[in-house]
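The structure under discussion is supplied below as structure tokens; questions concerning it will follow.
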Amino acid sequence: MTTIDAGPTGRLRVAPSILAADFGSLADQVRAIDDETDWLHVDVMDGHFVPNVSIGPPVVASLRHYSDRFFDCHLMMTEPGRYFEAFKTAGADGCTIHVEIGDTGALIGEARALGLRVGLAANPDSSFASVAPFLGDIDLLLLMTVFPGFGGQSFIGEVMDKVAEARREIDAQGVAVDLEVDGGIDERTAPLAVAAGANVLVSGSAIFARPDPLAAARSLRLAAGPS
Ligand code: DX5
Ligand code: ZN
């Protein structure tokens with residue numbers, strides 16, 4: 001499986017989350033927003049780390065036939081290491097694990113050994129200090145702006161202090177790490193996240209739950225500012 005390049009680190013990117021799409025016509029929905037998609041965000045929920053179940057490698061493999069975008073797989077799972085290989089084979093380009101599950105260093109190493117781009121996610125109540133030791137080992141830091149598990153929740157503005165702290169540290173260390181926010185991102189909150197230092201904006205409801213998802217993705221990008 002060829003890996004799709006993520007593009008230059010630090011550039012503003014819109015990553016629509018398919019969690020909010022109509023799963024009955026996923027391929028059409030993904031193709032419809034292709035022009036405004038930088039990365040495609042795939043939310044994987046195991047019913048254990050989060051109280052919800054979503055999709056897994058077979059859906060990634062199916063979508064791979066319809067999109068050449070970078071597949072940014074967010075693994076909300078207690079045991080992501082058991083599935084890295086399946087996701088890679090299915091066509092995932094990057095996999096993000098959560099710091100709350102522990103064993104972080106080993107999991108990062110396993111994902112990287114498979115040729116995946118590696119992300120580390122932190123819930124709203126996890127400190128920057130919990131992810132800081134791994135900044136030199138990852139490609140992406142995901143700071144959740146909702147508690148994971150469901151789409152359509154309200155943005156938690158307090159996380160912006162942590163985003164700003166992460167941006168300062170990423171720049172100070174000079175590491176090539178994208179800073180992603182996920183949860184409640186829309187035209188109102190995207191500028192707040194970008195001002196705090198985020199460069200990858202995940203958005204589900206504010207794109208796929210709108211009558212015209214392509215126009216919604218465009219308006220989100222415009223609201224976020226110049227790329
Ligand atoms: C939350 C997921 C998010 C979510 C975003 O558990 O990780 O990606 O689907 O959806 P919205 O944009 O609706 O908050
Ligand atoms: Zn997500």
Side-chain angles (χ1 to χ4, degrees), residues 1-19 30 34 37-46 49 54-57 59-61 63-77 79-101 103-122 130-144 148 163 166-167 169-171 173-183 185 193 197-203 227:
M1 181 61 68
T2 336
T3 305
I4 310 288
D5 190 54
T9 305
R11 181 174 295 178
L12 181 69
R13 295 181 190 287
V14 173
S17 163
I18 60 170
L19 190 64
V30 163
D34 190 62
T37 303
D38 296 310
W39 296 357
L40 196 69
H41 188 79
V42 180
D43 282 310
V44 179
M45 302 179 180
D46 68 350
F49 179 69
S54 58
I55 56 169
V59 174
V60 172
L63 280 177
R64 196 72 281 182
H65 301 302
Y66 300 96
S67 172
D68 292 333
R69 301 295 170 182
F70 179 86
F71 281 6
D72 172 39
C73 297
H74 177 193
L75 307 187
M76 289 164 272
M77 310 177 82
E79 295 190 272
R82 291 177 60 183
Y83 304 93
F84 285 150
E85 200 164 348
F87 277 105
K88 173 70 184 169
T89 304
D93 302 301
C95 280
T96 295
I97 58 164
H98 270 262
V99 72
E100 294 82 13
I101 61 173
D103 211 14
T104 306
L107 287 166
I108 291 171
E110 287 169 32
R112 178 138 351 260
L114 287 166
L116 289 160
R117 201 169 188 268
V118 185
L120 183 61
S130 70
V131 293
F134 304 102
L135 276 188
D137 306 321
I138 57 177
D139 304 299
L140 173 133
L141 179 63
L142 165 53
L143 297 179
M144 293 300 300
V163 172
R167 172 50 63 199
E169 200 53 35
I170 288 168
D171 290 349
Q173 291 187 21
V175 285
V177 174
D178 283 300
L179 185 51
E180 181 175 62
V181 285
D182 181 5
I185 301 295
N199 72 285
V200 185
L201 305 171
V202 175
S203 180
S227 40

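No experiment lies behind these values; they were computed from the predicted model shown. The analysis underlying the following values was restricted to heavy atoms, covering all of them including side chains, and did not include hydrogens, waters or symmetry mates.
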Does Val14 offer a backbone N or O that forms a donor-acceptor pair with the side chain of Trp39 under 3.5 Å?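 Not a single qualifying donor-acceptor pair exists.
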Charged N-O contact under 4.0 Å between Glu79 and Arg82: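 Looking at Glu79 and Arg82, the cut-off is met.
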Taking C-beta and beyond as the side chain, do Val181 and Met144 meet within less than 4.5 Å on heavy atoms?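 No, side chains not in contact.
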Checking Ser17 against Asp43: is there a side-chain donor and acceptor pair closer than 3.5 Å?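 A donor-acceptor contact under 3.5 Å links the two side chains.
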Candidates Arg117, His41, Arg13 - the one meeting side chain to side chain donor-acceptor pair (under 3.5 Å) with Asp72: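 Single pass found, and it is His41.
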Going through the distances and angles, do Arg167 and Asn199 end up as a side-chain contact (heavy atoms from CB on, under 4.5 Å)? CA-CA 10 Å; Arg167 172 50 63 199; Asn199 72 285; 3.5 Å; yes
With sequence neighbours left out, write down each residue that passes ring pair (Phe, Tyr, Trp, His ring centres under 6.0 Å) with His98, or none if nothing qualifies.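 Here the qualifying residues are Phe49, His74.
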Within the structure provided, determine whether Val42 and Ile18 are in side-chain contact (heavy-atom separation under 4.5 Å).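 Val42 vs Ile18: side chains touch.
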From Thr96 atom OG1 to Ile138 atom CD1, the distance as rounded to the nearest 0.5 Å: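 Atom-to-atom, Thr96:OG1 and Ile138:CD1 are 8.5 Å apart.
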Taking atom CD as the centre, does Gln173 end up with more than 12 heavy-atom neighbours from other residues, nucleotides or ligands that are less than 6.0 angstrom away?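 Check passes, neighbour count above 12.
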Please determine whether side-chain contact (heavy atoms from CB on, under 4.5 Å) holds for the pair Ile185 and Val202, giving the CA-CA distance in whole Å, both sets of side-chain angles, and the decisive distance to 0.1 Å. CA-CA 7 Å; Ile185 301 295; Val202 175; 5.7 Å; no
Donor-acceptor contact present, side-chain Ser203 to main-chain Pro16, <3.5 Å: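 It does not hold such a pair.
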Using 0.5 Å steps for rounding, measure from the CZ atom of Phe134 to the CD1 atom of Ile97.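 Here the rounded value is 8.0 Å.
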Got a second to check how far Leu135's CG is from Leu141's CG, nearest 0.5 Å?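 If I round to the nearest 0.5 Å, the distance is 6.0 Å.
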Taking the side chain as C-beta and beyond, is there a heavy-atom pair between Val30 and Leu40 under 4.5 Å?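 With C-beta onward as the side chain, the pair touches.
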So, Arg64 side chain and Ser67 main chain: donor-acceptor pair closer than 3.5 Å or not?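 Yes, Arg64 side chain to Ser67 backbone: donor-acceptor pair under 3.5 Å.
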Once you round to the nearest 0.5 Å, how far does CD1 of Ile101 lie from CG of Leu107?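 Those atoms lie 5.0 Å apart.
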Does the side-chain contact (heavy atoms from CB on, under 4.5 Å) test come out yes or no for Val200 and Leu179, once each step is laid out? CA-CA 6 Å; Val200 185; Leu179 185 51; over 6 Å; no
Does a sphere of radius 6.0 Å around CG in Asp68 hold more than 12 heavy atoms from other residues, nucleotides or ligands, not counting ones at 6.0 Å or beyond?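 Open: at most 12 neighbouring heavy atoms sit under 6.0 Å from CG of Asp68.
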Between Val44 and Met76, does a side-chain contact (heavy atoms from CB on, under 4.5 Å) hold up when you go through it step by step? CA-CA 6 Å; Val44 179; Met76 289 164 272; 5.9 Å; no
So, Asp139 side chain and Val118 main chain: donor-acceptor pair closer than 3.5 Å or not?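 Present.
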I need the Asp182 CG to Leu201 CG distance, nearest 0.5 Å.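 Going from CG on Asp182 over to CG on Leu201, the span is 10.0 Å.
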Can you check salt bridge (charged side-chain N to carboxylate O under 4.0 Å, His left out) on Arg69 and Asp34, steps first, answer last? CA-CA 8 Å; Arg69 301 295 170 182; Asp34 190 62; 3.0 Å; yes
Counting neighbours of OH on Tyr66 that are heavy atoms of other residues, nucleotides or ligands and sit closer than 6.0 Å, is the number greater than 12?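 Count not over threshold, so no.
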Spacing of SG belonging to Cys95 relative to CG belonging to Leu114, to within rounding of 0.5 Å: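 If I round to the nearest 0.5 Å, the distance is 9.0 Å.
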side-chain contact (heavy atoms from CB on, under 4.5 Å) partners of Tyr83, counting only residues at least two apart: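 So Tyr83 forms a side-chain contact (heavy atoms from CB on, under 4.5 Å) with Met77, Phe87.
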